[in-house]
Amino acid sequence: MSGPPYVIRGSVSLPEAELMWRFSRSSGPGGQHVNTSDSKAELRFDLAKTESLPPVWKERALERLDGRLVGGVITVTASEHRSQWRNRETAAVRLASLLAEATAPPPRARRKSKIPRGINERRLREKKQRSETKRGRTGRGWT
């Protein structure tokens, strides 16, 4: 494939030499054309053996994509389009975005914020007022 380099993040992109392609007949759109052409694209990338990702990213991706890996290899398929070329593009973009998501740094831990005392006191005061209002609605003492 001589498409653009599929950037994962920053200057790191999918290495063309490490991508393994396989094509087969698609069950997707195409009418009778589907029965005669291998338009379904299957892209495989050996995540466990790759040297193109920084070690920290690789570790993160292996951990996060554990359920999708078969022997350290991740597989992405595409069969939405009639043409093999468009399915190849779709599969490569899908793999790049999947790896970008899997290698992203973990979000910063949330710091618990303390509720200001004034807000809490106001809430309790309003709650007490509401309680008094409702208590005043009872029919006691009217007879």
What I'd like to find out is whether the side chain of [X] reaches to under 4.5 Å of the side chain of [Y], using heavy atoms alone.
| X | Y | result |
| --- | --- | --- |
| E16 | L19 | yes |
| L99 | L47 | yes |
| S131 | R135 | yes |
| K127 | R130 | no |

N120 versus R117, side-chain donor and acceptor atoms under 3.5 Å: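 Short answer, no.
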Working to the nearest 0.5 angstrom, can you tell me the gap between [X] [atom1] and [Y] [atom2]?
| X | Y | atom1 | atom2 | result |
| --- | --- | --- | --- | --- |
| K40 | S24 | NZ | OG | 4.5 Å |
| L98 | F45 | CG | CZ | 11.0 Å |
| L62 | W57 | CG | CH2 | 14.5 Å |
| Q129 | E126 | CD | CD | 7.0 Å |
| E89 | R86 | CD | CZ | 10.0 Å |
| R94 | L43 | CZ | CG | 10.5 Å |

Greater than 12 external heavy atoms within 6.0 Å of E101's CD: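 No, the 6.0 Å shell around CD holds no more than 12 heavy atoms from other groups.
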Just wondering, more than 12 heavy atoms not from L124 lying within 6.0 Å of its CG?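 Counting other residues, nucleotides and ligands, CG of L124 exceeds 12 neighbours.
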Could you walk me through whether E42 and W21 satisfy the side-chain contact (heavy atoms from CB on, under 4.5 Å) test, starting with their C-alpha distance in whole Å, then the side-chain angles of each, then the deciding distance to 0.1 Å, before giving a yes or no? CA-CA 6 Å; E42 186 178 292; W21 292 96; over 6 Å; no
Does A41 offer a backbone N or O that forms a donor-acceptor pair with the side chain of N87 under 3.5 Å?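 No: the side chain of N87 does not pair with the backbone of A41.
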Show me the pairs that pass salt bridge (Lys or Arg N to Asp or Glu O under 4.0 Å) and involve residues 43-72, at least two apart or across chains.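 Every candidate salt bridge (Lys or Arg N to Asp or Glu O under 4.0 Å) pair involving residues 43-72 fails, so no pair, neighbours aside, qualifies.
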Establish whether I74 and M20 are linked, either directly or via other cluster members, by ILVMFWY side-chain heavy-atom contacts under 4.5 Å.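 Per the 4.5 Å side-chain linkage, I74 and M20 are not co-clustered.
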Test: E132 and K128 ion pair at under 4.0 Å: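 Salt bridge absent between E132 and K128.
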From T75, T90, L14, residue fulfilling side-chain contact (heavy atoms from CB on, under 4.5 Å) relative to L95: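 Of T75, T90, L14, side-chain contact (heavy atoms from CB on, under 4.5 Å) with L95 is met by L14 alone.
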Residues that S52 engages under side chain to side chain donor-acceptor pair (under 3.5 Å), provided they are two or more places apart: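 Listed in chain order: T50.
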